[in-house]
Amino acid sequence: MVGRGANLAPYRHVVSLPCNGPRQRIDPNRGYAMTTTTTGDTVQVPKVGRYGIDNRGSTIAFRSRHLFGVAPVRGTMAIRRGVVEVADPITDSSVQVEMDTTSFDTGSRHRDGDVRSARFLDAARYPSMTFTSERLDRSEGRWTLAGTLTVRDVARPVSLTVEQSTVQHGTPNSFVVCATTRIDRTDFGLTAYRGMAGRHLDVSLRILGVRS
């Protein structure tokens, strides 16, 4: 679950939005995130504080392969709720996200029902999966968010690569961050249909944070 005291809207729906915009730059001397806009101006993003994740403006997209790696599969999953705590220095920031396993959607009713079933996500018994960050690191100019992903009560370490971070135009109390990672489903005991169903999922996240 997300941190105590969160005042967040209940899950409604997800709007899939692309991660376009300026590339992230975090100034290690100032201790906060910076973004260079297309005009060359520099702005501070985001302000230190607590942000609720807006599930209407956030999305999780993934791609994989099935039929022994021949056919591509793309899909989405909704975010129920979450909290981003932006700290000073930025490396002390934290993220908690709760995702809706019942929303798993690839556009195939048969496949989606199978993945939501007890063979895989067991969404009836485990309607949520969670990610809790542990640290934000910078190495060789790349920022990574390390944490724990819990699926069906199985917790495993996961590292997200931060691809972009920017404030919303004209809305200094909100920001968008985009990140990517690769998940091995067998790490979480999801081993059904080996070979037939893809083992790895390449995941892209677009998170809209709104200051609480």
Side-chain angles (χ1 to χ4, degrees), residues 1-61 76-100 130-149 158-181 203-212:
M1 299 296 289
V2 298
R4 290 176 295 177
N7 182 17
L8 303 173
Y11 163 69
R12 278 166 285 183
H13 66 286
V14 163
V15 178
S16 180
L17 298 173
C19 280
N20 295 328
R23 285 285 178 179
Q24 179 204 49
R25 178 169 66 85
I26 297 180
D27 188 333
N29 298 318
R30 301 190 187 188
Y32 51 70
M34 309 288 290
T35 290
T36 302
T37 68
T38 55
T39 62
D41 297 329
T42 301
V43 295
Q44 176 180 347
V45 291
K47 295 180 179 179
V48 172
R50 183 182 183 89
Y51 295 78
I53 294 177
D54 185 335
N55 50 34
R56 295 167 297 175
S58 304
T59 186
I60 301 173
T76 60
M77 184 180 291
I79 294 175
R80 287 184 181 272
R81 57 182 67 86
V83 170
V84 179
E85 297 277 1
V86 178
D88 183 7
I90 192 69
T91 50
D92 289 342
S93 301
S94 63
V95 179
Q96 292 178 300
V97 184
E98 182 181 339
M99 294 150 279
D100 182 4
T130 61
F131 174 80
T132 302
S133 71
E134 296 171 1
R135 65 184 185 278
L136 177 65
D137 295 322
R138 182 177 185 269
S139 177
E140 298 180 351
R142 184 176 293 273
W143 287 85
T144 58
L145 183 68
T148 299
L149 179 65
V158 168
S159 182
L160 302 171
T161 299
V162 179
E163 304 288 354
Q164 294 182 10
S165 179
T166 184
V167 293
Q168 292 287 83
H169 293 297
T171 312
N173 289 324
S174 66
F175 70 94
V176 173
V177 62
C178 300
T180 58
T181 190
V203 182
S204 299
L205 302 92
R206 181 193 189 276
I207 301 299
L208 171 61
V210 180
R211 192 177 179 91
S212 301

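The analysis underlying the following values was restricted to heavy atoms, covering all of them including side chains, and did not include hydrogens, waters or symmetry mates.
Legend: residues meeting side chain to side chain donor-acceptor pair (under 3.5 Å) with Ser159, ordered by chain and number and at least two apart, are absent. Partners of Glu134 according to the salt bridge (Lys or Arg N to Asp or Glu O under 4.0 Å) rule, which considers only residues two or more places apart in sequence or in another chain, do not exist here. By the side chain to side chain donor-acceptor pair (under 3.5 Å) test, Asp92 is found to be paired with no residue, residues two or more places apart in sequence or in another chain being considered. Remark: Thr181 engages Val158, Leu160, Ile183, Val203 in a side chain to side chain contact (heavy atoms under 4.5 Å, CB included) (not counting sequence neighbours). With sequence neighbours excluded, the residues forming a side chain to side chain contact (heavy atoms under 4.5 Å, CB included) with Ser93 are Val86, Ala87, Ile90, listed by chain and number. For Arg142, there are no salt bridge (Lys or Arg N to Asp or Glu O under 4.0 Å) partners at least two apart in sequence or on another chain.
In terms of heavy atoms, Ser133 sits closest to Ser94 at OG-CA, 3.3 Å. Across all their heavy atoms, Phe175 and Val84 have their closest contact at CZ-CG1, 3.9 Å.
Within the 4.5 Å cutoff, no side-chain heavy atoms of Gln164 are placed close to those of Val176. With contacts defined as side-chain heavy-atom distances shorter than 4.5 Å, the pair Phe131/Leu145 qualifies.
Between the OG1 atom in Thr59 and the CE atom in Met77 there is a gap of 10.5 Å [rounded to 0.5 Å]. Summarising the geometry, atom CG belonging to Asp100 is positioned 9.5 Å from atom CZ belonging to Arg81; distances are rounded to the nearest 0.5 Å. Atom-to-atom distance recorded for Glu98:CD and Thr130:OG1 is 7.5 Å, nearest 0.5 angstrom. Between the CD atom of Glu163 and the SG atom of Cys178 there is a distance of 8.5 Å, given to the nearest 0.5 Å.
Remark: side-chain polar atoms of Arg80 are not paired, donor with acceptor, to backbone N or O of Asn55 under 3.5 angstrom. A donor-acceptor contact shorter than 3.5 Å links the side chain of Ser58 to the backbone of Leu208.
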For this session: Could you walk me through whether Val95 and Leu136 pass side-chain contact (heavy atoms from CB on, under 4.5 Å), step by step?
Result: CA-CA 10 Å; Val95 179; Leu136 177 65; over 6 Å; no
